[in-house]
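The first residue of the sequence shown is numbered 1, and numbering continues consecutively from there. For the numbers below, each heavy atom of this structure counts, side chains included, while hydrogens, waters and symmetry mates do not.
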Amino acid sequence: MISNKHITEENHLLLALSQGRKGAFDTLFKKYYPVLCAYARRIVEQNDAEEIVQDVFVKFYKKNEQFKEQADIRTYLTKMTVNQSKDYL
């Protein structure tokens, strides 16, 4: 179950990101990169997984205004990672 604290932290992070605040994207990257690499490594080799996750973050950065705030960001990034990993195969 997702805690209210988690939701609040995510909302603040997304708000900061949408406002172009420095460090918001770095915080997001540091928080989710290891988790997303673990998901990708279940599908592809480690080096490929790291490259895929980096690509996911680049895509998210370029299109973060399209992110639907009612979705959980971790779920959204995980889905992107899994889909891109499968596409890589």
Report task. Please report the C-alpha distance between Y32 and V53 in whole Å, then the side-chain angles of each, then the deciding distance to 0.1 Å, and finally whether the side-chain contact (heavy atoms from CB on, under 4.5 Å) criterion is met. Result -> CA-CA 10 Å; Y32 291 111; V53 173; over 6 Å; no

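- Taking 4.5 Å as the limit, every side-chain heavy atom of V56 sits out of range of all side-chain heavy atoms of K59.
- Summarising the geometry of A49 relative to C37, their closest heavy-atom pair is CB-O, 4.1 Å, with the distance given to 0.1 Å.
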Requested in this report: Begin from the C-alpha positions of R74 and K31 and carry the test side-chain contact (heavy atoms from CB on, under 4.5 Å) through to its verdict.
Outcome: CA-CA 10 Å; R74 180 178 176 161; K31 183 172 184 175; over 6 Å; no

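- In the hydrophobic clustering of this structure, I52 groups with L89; members are Ile, Leu, Val, Met, Phe, Trp, Tyr whose side-chain heavy atoms approach within less than 4.5 Å, directly or through other members.
- More than 12 heavy atoms of other residues, nucleotides or ligands shown are found within 6.0 angstrom of CD on Q54.
- Residues V82 and V44 share a single hydrophobic cluster, defined by chaining ILVMFWY side chains whose heavy atoms lie under 4.5 Å apart.
- Of the inter-residue distances, the one linking L36 atom CG with F60 atom CZ reads 11.0 Å to the nearest 0.5 angstrom.
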Requested in this report: Show the numbers, then the answer: is there a side-chain contact (heavy atoms from CB on, under 4.5 Å) between F57 and L77?
Outcome: CA-CA 8 Å; F57 276 103; L77 290 171; 4.2 Å; yes

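- One hydrophobic cluster, built from ILVMFWY side chains closer than 4.5 Å, holds both L13 and M80.
- In this structure, the separation between OG on S85 and CZ on R41 is 11.0 Å, given to the nearest 0.5 Å.
- Residue E51 qualifies as open at atom CD: its count of foreign heavy atoms under 6.0 Å is 12 or below.
- T78 OG1 to I73 CD1: the interatomic distance, rounded to the nearest 0.5 Å, is 10.0 Å.
- To the nearest 0.5 angstrom, T27 atom OG1 is 13.5 Å from H12 atom NE2.
- Using cut-offs of 30° and 60° on the angle between ring planes, the pair Y61 and F25 is perpendicular.
- In this structure, the side chains of R21 and L17 stay at 4.5 Å or more apart for every pair of heavy atoms.
- Few gaps surround OH on Y33; more than 12 heavy atoms of other groups in view lie less than 6.0 Å from it.
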